[in-house]
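See below for the structure under consideration.
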Number of protein chains: 2
Amino acid sequence: MNELLNQTSIKINDKVFLKNPESSNLGRNIISESIFLINELGFEKFTFRKLSNKIGSTESSIYRYFENKHKVLLYLTSWYWCWLEYQLVFKTVNTKDPQEKLKTAIELLTQTAKQDSNYSYINESVLHKVVIAESSKLYHTQEVDSDNKDGLFLVYKRLVHRVSVMVLELNPNYEYSHMLISTVIEGAHQQKHFALHLPKLTDTQDGEKGITHFFTQVVFSSIS
Amino acid sequence: MNELLNQTSIKINDKVFLKNPESSNLGRNIISESIFLINELGFEKFTFRKLSNKIGSTESSIYRYFENKHKVLLYLTSWYWCWLEYQLVFKTVNTKDPQEKLKTAIELLTQTAKQDSNYSYINESVLHKVVIAESSKLYHTQEVDSDNKDGLFLVYKRLVHRVSVMVLELNPNYEYSHMLISTVIEGAHQQKHFALHLPKLTDTQDGEKGITHFFTQVVFSSIS
DNA sequence: CTTAATTAATAGCTTTACTATTATCTTTGC
DNA sequence: GCAAAGATAATAGTAAAGCTATTAATTAAG
């Protein structure tokens, strides 16, 4: 049942991996433990050797699933965005009022991910931390254009587009819907990171609620 | 004369370097060429060996100036923010109208840096590209807290604070002035990067002007 | 002009990132 | 039930990156 839900809802572009990690125990272990290890060490100090030690396997076995650690992080973030998109659709499908719908979307994009028991080998709240701390490194590389050509950012772009459509529902003349939504998503991550490490760059009177409130207010005042 | 201006206006925290690169020919060469090389290769593929080959020196000589390449990038971005702060003060000192002042600040923060002939060994427009593409990596590391303790982000925090004061001049009750300004600075960089590499995430009808227009509108509508 | 102090170059070491090859484990056809 | 074929994992490497101890050369002080 979990497996079924897994297969149907979360679909990752197969150019990210050499062999689908969902297809074997070792593969699922790679995904599961890489989340913890990247969170623990940071992406720079995360290596396949350390990961293989942790899961009792070898470096070259991991290389059979992923070309390099960059692709592992791409897999993890794609999974995260896909999962979030699924929740977005689920939470807004019954909402008629476009204003309410956009508000729900912004809350989802700016709040902390909750654990989801449907995917047993993925810890969503740790994954969320990894996405906040590391995901921007995925497109700040020399390979960004070829990765983009391969469709490795498709899920993310689709999510941004989906929310920007909600913006246009409210104001069809608004010129910067994509800019606004990608600013909200990336900005919310950044502000959470700043709150933890560089609090002078943010205003943390009321923590996470502040971030959601700030971005909600930014969006609605900008498009009206 | 250039040297004098150099010494007086741009002051870098001396914990960034082991030996001040301004103090010697080799040091200035390291700064000058590292800008081009990081821009060319990206930060990941930039190494001290490659840099030393380019400037006709050796790896270990560069290590006498900087602990590692991370500190070089910290030096470059600190220099950039310091230089921008200097321009901000210069451009707004005679502006009385707080609205006009903030508008000038946002333009400066969201537009492309122009070449400044006062600093002969630094190419500001290439440095700006480096800051856009690489600077976020500086605080997405395991060392962010200790770097912050050492004051390596002070210039940046001071710049954000300076502009957030302008926001508070216009609306003393606005709760998120720092969040707003750090979102603008980081967001403008991000959108420029997206426009080049992931255009689906932005709205590039009118290029750079669009970005300035978007963020100006976001700021003024949010604080009013 | 000799000695001390500073600075640069040489050579090497450890770790990372990756790969070619060998070994082992499953199938599955008969 | 078992051998051949195919798939999977472990071994053993290589090249480059990141860093350092040591030696050589240059500059400054007395």
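Every chain is numbered from 1, with letters handed out A, B, ... down the list of sequences.
Among C:dC18, C:dA9, C:dT16, the nucleotide with an atom closest to any side-chain atom of A:Y63 is C:dC18. Here D:dA9 is the nucleotide among C:dA8, D:dA9, D:dC19 with the atom lying nearest to any side-chain atom of A:L26. In the set D:dA9, C:dT7, D:dT11, the nucleotide with an atom closest to the side chain of B:R64 is C:dT7. Side chain of B:Y65, nearest nucleotide from C:dA8, D:dA10, D:dG18: C:dA8.
The phosphate of D:dC19 (OP1 or OP2) has no side-chain N or O of B:K69 nearer than 4.0 angstrom. Taking only side-chain nitrogens and oxygens, A:T58 comes nearer than 4.0 Å to OP1 or OP2 of D:dA10.
Using a 4.0 Å heavy-atom criterion, one finds that A:S24 contacts no nucleic acid atom at all.
Taking for each of B:K19 and B:R49 the nucleotide of DNA chain C with the nearest heavy atom, the 5'-most of the two is the partner of B:K19. Between A:S61 and B:K50, it is A:S61 whose nearest contact on DNA chain D lies nearer the 5' terminus.
When the C1' atom of D:dA16 is taken as reference, atom CD of B:E44 falls 16 Å away, rounded to whole Å. Atoms CG (B:N53) and C1' (C:dT10) sit 14 Å apart, rounded to a whole Å. Straight-line distance from the CD atom of B:E59 to the P atom of D:dT22: 18 Å, rounded to whole Å. When rounded to the nearest whole Å, the span between CG of B:N20 and P of C:dT6 equals 17 Å. Residue A:I62 contributes atom CD1, which lies 14 Å from atom C1' of C:dT16 at whole-angstrom precision. One interatomic measurement links the two molecules: CD1 of B:I55 to C1' of C:dA9, which rounds to 13 Å at whole-angstrom precision. With rounding to whole Å, A:L18 atom CG is found 13 Å from D:dA9 atom P. Remark: P of D:dG18 and CG of B:L73 are 13 Å apart, rounded to the nearest angstrom.
Residue A:H193 holds its NE2 atom at 13.0 Å from NZ of A:K129, rounded to the nearest 0.5 Å. Between A:Q142 atom CD and A:D147 atom CG the span is 11.5 Å, to the nearest 0.5 Å.
Under a cut-off of 6.0 angstrom, the local environment of NZ in A:K54 is crowded, with over 12 non-hydrogen atoms contributed by other residues, nucleotides or ligands.
Using bins of under 30°, 30° to 60° and over 60° for the plane-to-plane angle, the ring pair A:H189/A:W81 lands in the parallel bin.
Side chain B:S60 to base C:dT10: a donor-acceptor pair is found below 3.5 Å. Interface remark: the A:E67 side chain does not form any donor-acceptor pair with the C:dC18 base, using a distance-only criterion of under 3.5 Å.
Under the 3.5 Å distance criterion, with hydrogens and angles disregarded, a donor-acceptor pair is assigned to the side chains of A:Q191 and B:T183.
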